[in-house]
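Each remark here refers to the structure printed beneath this line.
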Amino acid sequence: TYPFQRQRYWIDAPQKKAEVEASAEKSLKPLIDKMIHTPVSNTTIFETAFSVATRPILADYRVSHTAVVPPATQLALLLEAADLALDGRSPVFRNLVFSDPLVVPEQGRRIVQLLATASAADPELLDLKLVGFDSNKKKPTIFTAATGQLGVFIEADSNHTTALDSYRKRCGDGVDIAKLYPNMSAVGATLRWLTDAWQGDGELFGKLAMPDGVRDGDSYRIHPGLLESCFVLVAAYRSETAVPLLPSAIRSIKLYHASQPHDAAEWWCYSRQINETTWDIRLLDGDGNCLIEMEGVAYLPAPLDAIYHQSD
C-alpha cells in the first residue's frame with residue numbers, strides 16, 4: 001500500500017494562492033499596497049500588485065479585449081501617492097508623459113511601482129517614474145508607464161469657482177453618450193460616470209454622476225471613473241478612427257482644496273480645445289468649484305502593437 005492510496009488530495013493552483021495572498025495585504029490606498037523609503041537614493045517607492053481578481057476595476061477598461069490600466073487610473077494612483085508623500089497638501093504635477101501601456105494579465109498579477117525621487121534640478125520637486133513588471137520572472141521586462149514631476153501647489157486654497165450656466169450656454173449641441181466609446185475599447189460601469197454632454201465651438205461640457213455599482217467612491221482622492229469620463233469626452237469629440245484615443249502627455253495638473261470630490265451627487269467636466277490634439281480640462285463639483293485642473297492634455301491613438309506585445 002501507499003500513503004496516498006484511496007485518498008484524494010487537492011493542491012491549490014499557485015496563481016490562486018498568489019491572489020489570495022495579495023488580497024490579504026492591507027492596502028494603504030485603493031491603488032497602493034505599500035510605501036517604502038530608501039535613503040540610499042532618497043527615493044520613496046509606492047508598490048501595488050495589480051490583478052483583475054483582487055481589483056475588479058482593472059477589468060473595466062479593455063482595448064481590443066485586453067485589460068489595460070488607462071491613464072485615468074494611473075493618474076488616480078499618482079494622486080493617492082501624492083497624498084501620502086505630501087502629507088495631504090495639494091499636489092501639482094508637471095510634464096506627465098504616458099509612454100508604455102500597462103497591461104494587466106487575465107491570470108496572475110503585475111507589480112506596479114511608483115518611484116518618487118528628490119529632483120537634482122529642483123529640491124522642491126520629486127521626479128516620478130511609474131513602472132510595471134511581472135514578478136514571476138527572474139529577469140522581467142520593465143515597462144515605464146509614466147514619468148513626470150510632483151510638487152506642492154501653493155495656491156490650492158484660493159477661490160476657483162465658475163458659474164456652470166456660462167459653460168452650458170456656450171455648449172448648446174447635445175452629444176450622444178452611447179456613441180462615446182469606440183468599438184475597439186470596452187469601458188465597464190465603474191468608469192462610466194458621464195450622464196449628459198454638450199459641445200460648442202472647441203468646447204465640451206459634461207455632467208457626471210456616480211454609477212450605482214460603485215461601492216468605494218469615497219475611498220479615492222479622485223475616483224478613476226471621474227477622470228476617465230473627462231478624458232473620454234474629449235477623445236470621442238475628435239476621434240477619426242475606431243482606435244481609442246488616450247492621453248499621451250499632460251503639461252500640468254493642479255488639485256484644489258475647494259471641496260472633497262465625493263461630497264456632492266453630481267460633477268461637471270469642462271474642456272477647451274487648445275489645438276488639434278491638445279485640450280485643457282477642468283473637473284468641477286455641483287457648485288462650480290474646481291476640483292482638478294489639467295492643462296495641455298495631448299491625445300494619441302492607443303499603441304495597439306505595444307499592447308499586443310505585452311499581452312503575449
Would a 4.5 Å heavy-atom cut-off, applied to side chains only, mark [X] and [Y] as touching?
X    : Y    : answer
V234 : V297 : no
W193 : P211 : yes
I111 : E47  : yes
T277 : N275 : yes
L96  : L78  : yes

Exercise for review: Quick one: list whatever passes side-chain contact (heavy atoms from CB on, under 4.5 Å) with A306, sequence neighbours left out.
Suggested key: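 If we apply the side-chain contact (heavy atoms from CB on, under 4.5 Å) test to A306, skipping adjacent residues, the hits are P101, P303.
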
**Study point:** In one Ile/Leu/Val/Met/Phe/Trp/Tyr side-chain cluster, 4.5 Å: L84, I253
**Key:**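 As far as the 4.5 Å side-chain criterion goes, I253 and L84 are connected within one cluster.
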
Review point. Could D196 and R168 be called an ion pair, given the rule that one side-chain N must be under 4.0 Å from one carboxylate O?
Key: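 Salt bridge absent between D196 and R168.
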
Check your understanding: Would E293 and R282 pass as an ion pair if we require N to O under 4.0 Å?
Key ->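 Yes, E293 and R282 are salt-bridged.
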
Review point. Which residues, ordered by chain and number, are linked to F205 in its hydrophobic cluster, where ILVMFWY side chains connect at heavy-atom gaps below 4.5 Å, directly or through other members?
Key: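 Via sub-4.5 Å side-chain contacts, F205 links to L164, Y167, W198, W268, Y270, L284.
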
Could you go through residues 121-134 and list every donor-acceptor pair under 3.5 Å that involves a side-chain atom there, pairing it with any protein atom two or more places apart or in another chain?
unit_1	atom_1	unit_2	atom_2	d
D122	OD1	E124	N	2.9
D127	OD1	Q149	NE2	3.1
D134	OD1	N136	N	2.9

Review point. Going through the checks in order, is the side chain to side chain contact (heavy atoms under 4.5 Å, CB included) test met by R110 and V103?
Key: CA-CA 8 Å; R110 173 144 296 183; V103 172; 4.2 Å; yes

Check your understanding: Looking at OG1 of T278 and CZ of R272, how far apart are the two atoms once the value is rounded to the nearest 0.5 Å?
Key ->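 Between T278 OG1 and R272 CZ, I get 11.5 Å after rounding to 0.5 Å.
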
